[in-house]
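Step one of this worksheet: look at the structure below.
To find a chain, count down the sequence lines: A is the first, B the second, and so on, and within it residues start at 1.
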Amino acid sequence: MDAIKKLHGRLIVTGLYRDAYSVSRVLSSYAASSSCFNDARLVLHQIEQPNKFIWNSMIRGVSQTDQPREAFSYYNQMRPTGSEQNHLTFIFIIKACERIRQIEAGKQIHGHIIKLGFVSHLFVSNALIHVYGFCGAPELARKVFDETPERDLVSWNSLICGYGQNNRMRDVLDLFEAMQGESIIADAVTLVKVLLACSHLEEWNAMDKSVEYIRVNNVTMDIYLGNTLIDICGRRGRIELARRTFDEMPERNVVSYNTLIMSYTKAGDLAAAVNLFNEMPERDVISWSSIIDGYSQAKQFVRALELFYEMMVADVQPDEITLASVLSACAHLGALDVGRGVHDYIRKNSIKADIYIGNSLINMYCKSACIAEAVEVFEEMKEKDTVTWTSLIAGMAVNGFANTALEFFGKMLGAGIKPSGPTFIAVLHACTHNGLVDEGVQYFNSMREYHIEPDMKHYGCVVDLLSRSGKLNEAYDFIEKLLVPPDPVVWRILLSACKQNGNVEMAEIVTKELLKTDPTNSGNYVLMSTTYAGADRWDESMKLMTGHKNQQAVYLDEKVLTSLGCERYQWPLAPKANRCCMHNSQAFDFVMNVVSVCAAVPNNNQLEFQKVKDVKLFQRNSCVNSSSCNDVKLSGLSGYMAVDMAEVSCWRTGLSSVKGYPSVIVNKERWVFAKAV
DNA sequence: GTAGGGTTAG
């Protein structure tokens, strides 16, 4: 382009700028580059009688800018100046129709083409086939295709692309068949569309045949075809075939790498994805988004955020897809500060705030207990779907706004938004946290009216609902009457309610049930043991505990303990002791209690999150029982928070279930039980 | 002097 500018300058200096040939070369080069299109406009103004070459250059050029509509203005200026359109004029103006996606414009141009006798021009009719397919009228494309006297491979491909564009996958495969009937050899372009159609229709036989076709007919495996093959192999879980395709491709580009990275993360092979990411010669926004998403899928949320920072440092602009993924990582971590930063970034950089971004923001704010901000985002959203409503209702339900949650559920139904399974989980949580037992049961019974089949999570919610209000017998009967075998989680919810209610008898019955199906889960022993402890039956409690071997040393800094609010407990630690031995699931219990204490500090988010951060530090040195964590998530026990290996998210609540909750800790010598003060 | 068809993320 510098050379063109130089040439332009010389023309002006030497007075040759009126020389039609030289000037048109300069104009054509300017026009072909969308960043220099304005220079083309200026040059055009200097030309008294632009010829068709110049008009064509302008039409082609402007179609590629963000003002493709202007192409019609140049097209309409052609005739009065005495220059006539040629076949290229039509090819270029049809591209402009495609850019603005207006079929009416295409039809109008089609009329001109017929009038001026260009329909029989192969490239022109191919362009027509393509524009009709692209603008949602594959029938019209077909009509041009059928009526045209001459066809080539591009005619077939254009028609096939039109069907593909309009999700007419079956027609794509039919046309491929028809091609073979006419002994036309397909090329890479055809095969890209055919393979995608097979993948959409999950026609694996047809797909294998198409791959065979490529081999038999020596179809060139170019970048597009290779990338497509990697993609669909990856989606189908045939990761080794995807890799082989990648390795055998004569040429690769950033899409090849991105596609294979996504195949790996989908297959759960994060290490391979990371290796590939590190090997990439260049990375675009999709590369970064894919690897960030890969870390999130592997639940490595901290690492996901680190990659996001690296992306910013590498000066790659994140888009709405990246940011939605980053917000989800923030939500998992309860990283409110980062989440707010992302929200700011979205506003300041006019990132397209689509429904995914809105939903992610709501989720992030709700997981950070910032319901007011979640509502603000909700109200700003132009379009809302089931996820939008459900996220907000769930956030309200577990953050002490149960009534508002139910009110919003009513509004959701009123707005004609279909509730989903998770919506009912949220609604049942709201009832549980508000003691609305009968209403909760009614909601549960109404699920089938919305064609939603309750699953184990819903059963868990109902058990939680009944047992939290002391209806342990009803909860037990409910479990007994289930038509499917109850998940251990469901029993465990009841068991922990027995503990809360000090109902040792039922706890023993439930534990017996639990040990039948889930004997290796240390959480079961802990719950029963602490139930005994709560009833001052220390011998039985100790026996259960020490009989279980899975012990692990964890390091507890006294300062950390104090900063965690542990002074609320009677710590049997020697004054200078800085470590103690803790059972896996006691470590879990410990975290639970501590976070509950944090959660009970009203209106002090900052304090709360500071503490949660420390809990994370603590957690890193311990082995927290992850199945217990899932139980917590499901049941909303212990102050409505969730803990798991890689995350701590803390939801504040007005209730404090801490009081009277026995905490089990241990000193160097022996297990000691301490009761909450 | 200017030409037509295809691939990746929630």
On the side chain of A:Ser289, is there an atom forming a donor-acceptor pair with the base of B:dG10 - under 3.5 Å, no angle test? no

Inset, instruction - Would you state whether a donor and an acceptor, one from the side chain of A:Asp354 and one from the base of B:dG10, lie under 3.5 Å apart? - result: yes

Between CD1 of A:Ile351 and C1' of B:dA9 the distance, given in whole Å, is 15 Å

Closer than 4.0 Å, any side-chain N/O of A:Lys95 to the OP1 or OP2 of B:dA3? no

ask   = In terms of the angle between their ring planes, are A:Phe90 and A:Tyr75 parallel, tilted or perpendicular, with boundaries placed at 30° and 60°?
value = perpendicular

| message | Is the ring pair A:Phe145/A:Trp156 parallel, tilted or perpendicular, if the boundaries are 30 and 60 degrees? | response | perpendicular

What one should report as the nearest heavy-atom pair of A:Ser125 and A:Val144 is O-CG1, 3.9 Å

So, A:Tyr356 and B:dG10: ring centres less than 5.5 Å apart, planes less than 30° off, yes or no?
-> yes

Q. Under 5.5 Å between ring centres and under 30° between planes: true for A:Phe92 and the base of B:dA3?
A. no

A:Thr390 side chain to A:Val387 main-chain N or O, any donor-acceptor pair under 3.5 Å? no

Would you say A:Asp208's side chain and A:Val211's backbone share a donor-acceptor pair under 3.5 angstrom?
no

**Prompt:** Are the ring centres of A:Tyr257 and A:Phe277 closer than 6.0 Å?
**Reply:** no

Any base atoms under 4.0 Å from [X], or only sugar-phosphate, or nothing? Heavy atoms, all strands.
X	answer
A:Ala188	base
A:Asn359	nothing
A:Ser290	nothing

Out of B:dA9, B:dA3, B:dG6, minimum distance to the side chain of A:Asp222 belongs to B:dG6

Of the listed B:dT8, B:dT2, B:dA9, the closest approach to the A:Asp319 side chain comes from B:dA9

Within residues 224-240 of chain A, those residues having any heavy atom closer than 4.0 Å to DNA chain B are A:Tyr224, A:Leu225, A:Asn227, A:Thr228, A:Asp231, A:Arg235

